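These numbers come from the heavy atoms of this one structure, side chains and all, not from hydrogens, waters or symmetry mates. Since the model is a prediction, treat every value here as computed from it, not as a measurement.
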Amino acid sequence: MSVTVLPQDLLVNNQTRTLNDALRALPSVEVRDQQGLEVSRPQSLGFQGTITQNTRLDGLNIIGTTAIPVENLDGIQVLNGLGGALYGPETPAGVFNYVLKRPTDTRLTRIVGSYASDGVFTSEADLGGRVGRDGWLGYRVDLVHGEGESFVRGSYANRTLGSADFDVHLDRNTVIQLNGSHYQDTGFGLPGSIVYDGSSTSLANKSTLLPTAPDPTLRGLGQPGAGTDLITNTGLVKIIRRIDDDWRFEMGGLYQDTKRNLFGITNTLTDDRGDYTATRNFTAVPHFTDGSNEASLNGIVRVLGLRNEVTLATNGFINDQYSYRKSIAVTLGKSNLADPAIFPYAGLPDNGGQYQSGELRQQSIIEGDTLHLDQHWAVQTVFSEAFLHSASYDNKDRQTSRFDTAGAFSPTVSGIWTPTAKATFYFTYASSVEQSDQAPSTARNANAFLSPYHDEMFQLGAKYAPVENLLLTADLFRMDRPYATTQSDNVFRVIGSQRDQGAEFFLQGSVLPSLSLLGGVTYIDARLLNSGNPATNGGLIVGVPQWKTDWTLDWHPEALHGLAFTLAAHYESDRAATDNNNSFAPSYATLDLGARYATHLFRRAAIARLSAINVTDKHYYSSIADGNIVGSPGANTAYLAAPRTILASLEFDL
């Protein structure tokens with residue numbers, strides 16, 4: 001499979017503040033914003049992720065469409081491609097696994113103070129170590145609080161994280177991991193979405209084109225007191241047992257409660273001259289709960305002298321969704337993008353209370369075997385049988401849809417050739433069932449889940465490690481998935497298929513002892529097929545660039561005695577802005593520069609960091625999405641990227 005990893009040192013040295021900022025470093029990954037810059041769906045190879053199927057915390061499903069902190073993460077792992085047989089039904093967007101920090105073997109007391117322009121100050125305490133006889137109890141505690149004015153005058157940002165992870169060693173082979181966190185992310189006064197091509201939802205709307213990206217610092221693109229307030233509480237427990245040198249057992253469970261107070265701004269264009277109507281508050285789901293589980297037994301079996309690496313596993317989740325009985329959207333007034341207006345404050349209307357609008361249940365049984373025919377050839381087969389349930393309800397508590405599937409089969413088969421210890425070549429075929437998309441709240445079949453989808457993937461790849469600590473990967477891929485959207489009758493349904501094909505190249509590691517490099521190039525030809533509409537059939541998928549390249553360099557020569565420099569370059573080709581491809585978001589390139597100095601103060605390690613993100617202050621859209629397929633308000637939806645941002649921090653170990 002195609003797998004990319006963001007290590008913790010990259011997250012720290014680049015002063016990464018959000019998960020979305022971190023994912024920008026991966027050329028095969030995009031982030032589709034929905035109700036603000038922190039309410040997003042990650043996507044890989046041109047396919048968007050779902051609410052919970054594609055995102056995991058230490059291997060357990062979590063809510064992916066809310067803010068996720070990075071300060072308590074050890075790294076980010078992304079499997080690019082179709083992983084349904086390996087991890088249970090999911091879209092071809094791949095697997096986004098966020099790995100928690102673990103307790104340290106030696107005592108850690110780290111204090112970090114940081115600044116982000118125009119005035120957000122953040123403090124962090126990262127504590128770790130072990131106590132008790134032979135260090136039987138390990139701990140890792142991360143506390144973060146930051147607030148201040150963000151890049152728009154009069155805006156307000158506030159982040160608070162409390163995270164605690166414990167390892168309880170029952171004996172040398174058995175450990176229980178206990179993890180809990182509380183995270184709140186608030187942002188008011190930042191630019192709202194720009195909604196265009198609204199003819200699909202209103203005959204009076206004459207907007208058809210995506211406008212040139214305005215300056216994101218303009219007041220009036222957002223509104224004072226309007227934004228998002230996201231609160232997530234998570235608890236996770238695991239027991240891991242090393243049976244012997246060949247066998248390992250793991251079992252875990254997670255519960256997450258996510259409240260999404262979505263009070264942001266939607267600027268819906270009414271013509272191609274920049275005139276728009278501004279509304280406050282989103283009708284999207286304001287509350288999710290998620291309970292997930294996993295168990296796996298991995299080991300080695302030798303049959304007829306052949307080595308078999310076998311897996312027997314299960315994982316799944318219960319995801320409940322709660323909506324307001326009444327719409328909370330409020331129309332503020334009309335303005336123009338050239339001179340956006342600040343409107344009088346509008347209070348929150350009566351929401352009528354919450355009701356359960358949807359439920360998803362998923363449980364999979366997974367069997368896998370990697371059969372080594374000799375030292376060069378192997379065959380890997382992984383199968384999953386999934387039990388799926390989905391149901392939706394209207395605001396009168398009436399059931400509007402229900403689907404149940406038992407034993408849905410998803411296979412993955414790979415042929416693997418390893419001619420030398422430094423090179424591997426593989427061919428993988430995968431077919432997967434997935435839970436379908438959910439209709440947006442504005443559709444006639446609001447909240448309804450469609451029947452389960454069937455996806456398919458072919459991938460041919462190579463991995464090569466020319467020297468120690470340097471890995472090059474490349475692959476060709478083709479994937480297909482049903483494509484659903486809201487048509488002129490305002491019914492959300494499958495209208496065709498999305499076919500993505502292309503190539504990836506990725507490099508990660510130490511090119512020289514003093515130079516680390518992470519990045520690559522991805523080409524994706526993502527098209528809508530069999531739509532039944534000549535205007536859209538064969539067209540490019542909205543928001544997916546055909547070319548994307550991202551490179552992060554870290555130069556740390558020993559001769560400079562602790563002084564190091566970083567550079568990150570990002571490029572995306574133009575992206576289709578409408579299904580009929582009559583409008584495009586132009587290509588863009590950005591550059592990030594940074595420096596750090598590591599020294600000792602009072603015999604304690606200290607590091608100072610200074611970075612400039614988007615050095616040239618490029619104005620561009622960070623996200624272009626077909627609003628009807630992702631549940632965004634209105635038609636096609638665009639979000640502005642942040643302007644040039646200065647970051648500074650001082651880290652000190654006590």
Side-chain angles (χ1 to χ4, degrees), residues 1 41 44 47-64 79-97 250-256 288-298 310-321 358-369 380-392 401-414 428-438 448-459 479-482 484 494 497-498:
M1 308 295 287
R41 294 185 186 222
S44 172
F47 289 96
Q48 64 156 338
T50 62
I51 294 168
T52 187
Q53 292 169 316
N54 299 88
T55 47
R56 294 171 179 265
L57 184 68
D58 277 1
L60 289 148
N61 292 96
I62 59 171
I63 301 300
L79 184 150
N80 301 303
L82 192 57
L86 286 72
Y87 299 100
E90 60 189 22
T91 77
V95 181
F96 292 79
N97 186 40
E250 175 181 306
M251 180 172 62
L254 175 147
Y255 180 77
Q256 188 172 75
F288 292 107
T289 62
D290 191 76
S292 56
N293 66 85
E294 63 91 12
S296 62
L297 178 66
N298 298 277
V310 299
T311 293
L312 179 63
T314 183
N315 64 50
F317 61 82
I318 300 173
N319 170 223
D320 291 333
Q321 306 173 16
E359 58 182 0
L360 294 176
R361 308 284 187 271
Q362 181 172 302
Q363 193 69 37
S364 301
I365 301 172
I366 301 166
E367 312 90 19
D369 182 13
Q380 182 185 81
T381 56
V382 185
F383 306 124
S384 72
E385 297 81 37
F387 300 84
L388 308 176
H389 165 79
S390 64
S392 63
S401 71
R402 178 188 175 106
F403 289 100
D404 292 278
T405 303
F409 183 64
S410 299
T412 292
V413 180
S414 299
T428 295
Y429 168 77
S431 175
S432 178
V433 174
E434 63 156 300
Q435 293 271 23
S436 65
D437 294 308
Q438 185 180 20
F449 291 96
L450 306 183
S451 57
Y453 295 164
H454 291 265
D455 310 324
E456 190 174 57
M457 179 188 78
F458 298 89
Q459 190 176 99
M479 292 186 286
D480 295 272
R481 176 186 189 254
V494 172
S497 64
Q498 179 179 345

**Student:** Looking only at heavy atoms, which two atoms of A448 and S401 are closest? And how far apart?
**Tutor:**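 Closest heavy-atom pair between A448 and S401: CA-OG, 3.6 Å.
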**Student:** Is there a side-chain contact between L79 and Y87, using heavy atoms and a 4.5 Å cut-off?
**Tutor:**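 Yes; the side chains approach each other to less than 4.5 Å.
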**Student:** Check whether any side-chain heavy atom of Y255 sits under 4.5 Å from a side-chain heavy atom of T289, and report yes or no.
**Tutor:**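 Yes, at least one pair of side-chain atoms sits under 4.5 Å.
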**Student:** Look up atom OG in S364 and atom CG in L86, then write down how far apart they are to the nearest 0.5 Å.
**Tutor:**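 Reported to 0.5 Å precision, the distance equals 11.0 Å.
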**Student:** I'd like to know if the side chain of T50 pairs up with that of E90 as donor and acceptor (distance under 3.5 Å, no hydrogens or angles considered).
**Tutor:**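 Note: T50 and E90 side chains miss the donor-acceptor criterion.
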**Student:** Between L254 and L57, is a side chain to side chain contact (heavy atoms under 4.5 Å, CB included) present by the stated rule, with each step listed?
**Tutor:** CA-CA 9 Å; L254 175 147; L57 184 68; 4.2 Å; yes
**Student:** Between Q53 and Q362, do the side chains contain a donor N or O and an acceptor N or O under 3.5 Å apart?
**Tutor:**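 A donor-acceptor contact under 3.5 Å links the two side chains.
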**Student:** Rounded at 0.5 Å granularity, tell me how far CD in E456 sits from OG in S410.
**Tutor:**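 Interatomic distance, E456 CD to S410 OG, rounded to 0.5 Å: 12.0 Å.
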**Student:** Looking at every heavy atom in both L388 and P89, which two are closest together, and how far apart are they?
**Tutor:**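 Looks like CD2-CG, 3.9 Å.
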**Student:** Measuring from atom CZ of R402 to atom OG of S392, what distance do you get when rounded to the nearest 0.5 angstrom?
**Tutor:**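 OG of S392 is found 11.0 Å from CZ of R402.
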**Student:** Is the shortest heavy-atom distance from the side chain of Q498 to the side chain of M479 under 4.5 Å?
**Tutor:**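 No, every pair of side-chain atoms sits at 4.5 Å or beyond.
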**Student:** Is D290 reaching over with its side chain to a backbone N or O of Q256, donor-acceptor style, under 3.5 angstrom?
**Tutor:**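 No.
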**Student:** Could you give the distance from CD (E434) to NE2 (H454), rounded to the nearest 0.5 Å?
**Tutor:**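 Interatomic distance, E434 CD to H454 NE2, rounded to 0.5 Å: 10.0 Å.
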**Student:** Which atom pair, heavy atoms only, marks the closest approach of N54 to G94?
**Tutor:**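 Taking every non-hydrogen atom into account, ND2-O, 2.7 Å.
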**Student:** Taking atom types as modelled and ignoring hydrogens, do the side chains of N298 and T311 form a donor-acceptor contact shorter than 3.5 angstrom?
**Tutor:**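 Yes.
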**Student:** Taking only residues two or more places apart in sequence, or in another chain, which ones meet D369 in a salt bridge (charged side-chain N to carboxylate O under 4.0 Å, His left out)?
**Tutor:**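 D369: no salt bridge (charged side-chain N to carboxylate O under 4.0 Å, His left out) contacts found.
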**Student:** Heavy atoms only: give me the nearest D455-P92 pair and the separation to one decimal.
**Tutor:**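 What the structure gives for the nearest pair is OD2-CD, 3.5 Å.
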**Student:** With a 4.5 Å cut-off on side-chain heavy atoms, are V382 and Q380 touching?
**Tutor:**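 In short, these two side chains touch, coming nearer than 4.5 Å.
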**Student:** Given side chain to side chain donor-acceptor pair (under 3.5 Å), test S44 with N80 step by step and report yes or no.
**Tutor:** CA-CA 6 Å; S44 172; N80 301 303; 2.7 Å; yes
**Student:** Measure the shortest side-chain to side-chain distance between L82 and F47 over non-hydrogen atoms and say whether it is less than 4.5 angstrom.
**Tutor:**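 L82 does not reach F47 side chain to side chain.
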**Student:** Kindly compute the distance separating CZ (F383) from CD1 (I366), expressed to the nearest 0.5 Å.
**Tutor:**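 If I round to the nearest 0.5 Å, the distance is 12.5 Å.
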**Student:** Report yes or no: does T412 contribute a side-chain atom to a donor-acceptor pair with the main-chain N or O of A430 at less than 3.5 Å?
**Tutor:**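 No; judged by distance alone, with no hydrogens or angles, the pair does not exist.
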**Student:** Do R56 and E294 sit within salt-bridge range, that is, some charged N less than 4.0 Å from a carboxylate O?
**Tutor:**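 Between E294 and R56 there is no salt bridge, as every charged N stays at least 4.0 Å from the carboxylate O atoms.
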**Student:** Mind listing the closest non-hydrogen atom pair of A408 and V433 along with its distance?
**Tutor:**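 Minimum heavy-atom separation between A408 and V433: CB-CG2, 3.8 Å.
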**Student:** Locate the shortest heavy-atom distance separating S432 from G84; write the atom from each residue and the value.
**Tutor:**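 So the minimum-distance heavy-atom pair works out to OG-CA, 3.3 Å.
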**Student:** Would a distance-only check, ignoring hydrogens and angles, find a side-chain to backbone donor-acceptor pair under 3.5 Å from T405 to F387?
**Tutor:**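 No; judged by distance alone, with no hydrogens or angles, the pair does not exist.
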**Student:** Report yes or no: does S436 contribute a side-chain atom to a donor-acceptor pair with the main-chain N or O of L450 at less than 3.5 Å?
**Tutor:**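 Here the side-chain-to-backbone pair exists.
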**Student:** So, T52 versus N319: side-chain donor-acceptor pair below 3.5 Å or not?
**Tutor:**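 No donor-acceptor contact under 3.5 Å links the two side chains.
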**Student:** Are the side chains of I51 and I63 in touch, meaning some heavy atoms are under 4.5 Å apart?
**Tutor:**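 Counting from C-beta outward, I51 and I63 do come under 4.5 Å.
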**Student:** Decide yes or no on side chain to side chain contact (heavy atoms under 4.5 Å, CB included) for Y453 and T91, but give the supporting numbers first.
**Tutor:** CA-CA 9 Å; Y453 295 164; T91 77; over 6 Å; no
**Student:** Calculate, to the nearest 0.5 Å, the distance between atoms OG and CG belonging to S390 and D404 respectively.
**Tutor:**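 Reported to 0.5 Å precision, the distance equals 7.0 Å.
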**Student:** With the side chain counted from C-beta on, respond yes when D320 and R361 share a heavy-atom pair under 4.5 Å apart, and no when they do not.
**Tutor:**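 Contact flag for D320/R361 side chains = yes.
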**Student:** With heavy-atom distances below 4.5 Å as the criterion, would you say the side chains of F449 and L360 are in contact?
**Tutor:**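 Yes, close enough: below the 4.5 Å cut-off.
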